[in-house]
Amino acid sequence: MNKIYYIASCDTCRKIIKSLPKGNDLVFRDIKQDPLTVDELDEMYQLSGSYEALFSKKAQLYKSMNLKDKSLTEDDYKKYILEHYTFLSRPVFVINNAVYVGGTQQNMLQVMKALANV
C-alpha cells in the first residue's frame, strides 16, 4: 500500500498534494489528526535506514526545546517523532517499498517517477 504522511495545515504539504497526478493510488494520512504508530515509523526507518533522516530540524519545537544544542541519538529521534507530529520531516511518501522524505524539488521528481511506475 502506497502512502503519504503529511499535515493538512502545512502549506508545503498542500501545494505538493495539489501537484500529484490524479488517480495516484496513495493512502493519505494526516499525522496531526491520526498520529503515527510505532509500526509505521519502524517501516519508514527500515526503508530509510535512519530516524535522523526522518527528523525535521526545521521544526519550531526543535529550536524552542534547544535540541540543536544536544547530541541526539537514533533513539532520541525516534522518541521525539513519536511524541509530536511536527518532528517528522514532511511529507513522507512510501511508494513500492521505498521512502521519500521531505518536499525538496529533487525528492518530488523521484516521487513523481515512482508514482508513474505504480
Side-chain angles (χ1 to χ4, degrees):
M1 181 181 342
N2 297 322
K3 304 173 208 154
I4 176 177
Y5 298 92
Y6 70 102
I7 296 176
S9 60
C10 169
D11 288 339
T12 301
C13 289
R14 283 199 303 259
K15 187 172 98 178
I16 288 169
I17 288 169
K18 203 179 271 192
S19 75
L20 294 173
K22 302 295 178 232
N24 54 48
D25 196 34
L26 288 170
V27 174
F28 288 75
R29 268 292 293 293
D30 180 351
I31 60 172
K32 185 174 182 179
Q33 300 301 319
D34 189 7
L36 280 177
T37 66
V38 173
D39 287 344
E40 288 168 330
L41 184 57
D42 286 345
E43 176 189 20
M44 290 179 209
Y45 170 78
Q46 293 300 320
L47 296 172
S48 70
S50 163
Y51 290 111
E52 184 177 6
L54 301 166
F55 189 85
S56 174
K57 293 181 179 174
K58 295 178 183 175
Q60 289 181 353
L61 269 181
Y62 179 72
K63 294 172 182 114
S64 68
M65 294 172 69
N66 291 320
L67 296 179
K68 66 178 178 359
D69 300 329
K70 297 180 181 169
S71 182
L72 300 177
T73 65
E74 282 290 293
D75 287 340
D76 292 329
Y77 290 120
K78 179 180 180 179
K79 175 181 77 104
Y80 286 121
I81 292 170
L82 289 171
E83 279 179 7
H84 202 279
Y85 62 86
T86 196
F87 287 120
L88 182 68
S89 188
R90 333 170 271 286
V92 174
F93 292 86
V94 177
I95 303 170
N96 294 336
N97 292 315
V99 68
Y100 306 91
V101 182
T104 65
Q105 187 176 7
Q106 181 180 350
N107 201 41
M108 291 314 302
L109 289 172
Q110 292 177 324
V111 166
M112 295 302 184
K113 190 181 288 187
L115 286 173
N117 294 325
V118 171

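Just so you know, these numbers use all the heavy atoms, side chains as well, and skip hydrogens, waters and symmetry mates.
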| For atom NZ of K32, is the number of surrounding heavy atoms from other residues, nucleotides or ligands below 6.0 Å larger than 12? |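 Atom NZ in K32 is not crowded, with 12 or fewer foreign heavy atoms closer than 6.0 Å.
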
| said: Other residues, nucleotides and ligands only: do more than 12 of their heavy atoms fall within 6.0 Å of CG on N96? | reply: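 Yes, because the 6.0 Å sphere around CG of N96 holds more than 12 heavy atoms from other groups.
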
[X]-[Y] co-clustered via ILVMFWY side chain contacts under 4.5 Å:
X    : Y    : answer
M108 : V101 : no
L82  : M65  : yes
L26  : I31  : no

Spatial distance of atom [atom1] ([X]) from atom [atom2] ([Y]) [nearest 0.5 Å]:
X    : Y   : atom1 : atom2 : answer
N97  : L47 : CG    : CG    : 6.0 Å
Y80  : L61 : OH    : CG    : 10.0 Å
Y6   : F93 : OH    : CZ    : 11.0 Å
L88  : Y77 : CG    : OH    : 14.0 Å
I7   : Y85 : CD1   : OH    : 5.5 Å
Y100 : I4  : OH    : CD1   : 13.0 Å

Report all side-chain donor-acceptor pairs from residues 12-21 shorter than 3.5 Å, counting only partners two or more places apart or in another chain.
{"from": "R14", "atom 1": "NH1", "to": "A8", "atom 2": "O", "distance (Å)": "3.0"}
{"from": "R14", "atom 1": "NH1", "to": "S9", "atom 2": "O", "distance (Å)": "3.4"}
{"from": "R14", "atom 1": "NH2", "to": "D11", "atom 2": "OD1", "distance (Å)": "2.3"}
{"from": "S19", "atom 1": "OG", "to": "I16", "atom 2": "O", "distance (Å)": "2.7"}

| field | side chain to side chain donor-acceptor pair (under 3.5 Å): pairs with one or both residues in residues 60-75, sequence neighbours excluded | value |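 Sorted pair list: S50-E74, T73-D76.
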
| field | Minimum heavy-atom distance A114-I95, with the two atoms named | value |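 The pair with the smallest heavy-atom distance is CB-CG2, 3.9 Å.
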
| Which pair of heavy atoms, one from G102 and one from S89, lies closest together, and at what distance? |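 For G102 and S89, the tightest heavy-atom pair comes out as CA-OG, 4.2 Å.
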
N/O donor-acceptor pairs under 3.5 Å from side chains in residues 36-45, not counting sequence neighbours:
{"from": "T37", "atom 1": "OG1", "to": "E40", "atom 2": "N", "distance (Å)": "3.0"}
{"from": "T37", "atom 1": "OG1", "to": "E40", "atom 2": "OE1", "distance (Å)": "3.3"}
{"from": "E40", "atom 1": "OE1", "to": "R29", "atom 2": "NH1", "distance (Å)": "3.0"}
{"from": "E40", "atom 1": "OE1", "to": "R29", "atom 2": "NH2", "distance (Å)": "3.3"}
{"from": "E40", "atom 1": "OE1", "to": "T37", "atom 2": "N", "distance (Å)": "2.9"}
{"from": "E40", "atom 1": "OE2", "to": "R29", "atom 2": "NH1", "distance (Å)": "2.2"}
{"from": "D42", "atom 1": "OD1", "to": "Y51", "atom 2": "OH", "distance (Å)": "2.8"}
{"from": "D42", "atom 1": "OD1", "to": "K78", "atom 2": "NZ", "distance (Å)": "3.3"}
{"from": "E43", "atom 1": "OE1", "to": "K3", "atom 2": "NZ", "distance (Å)": "3.3"}

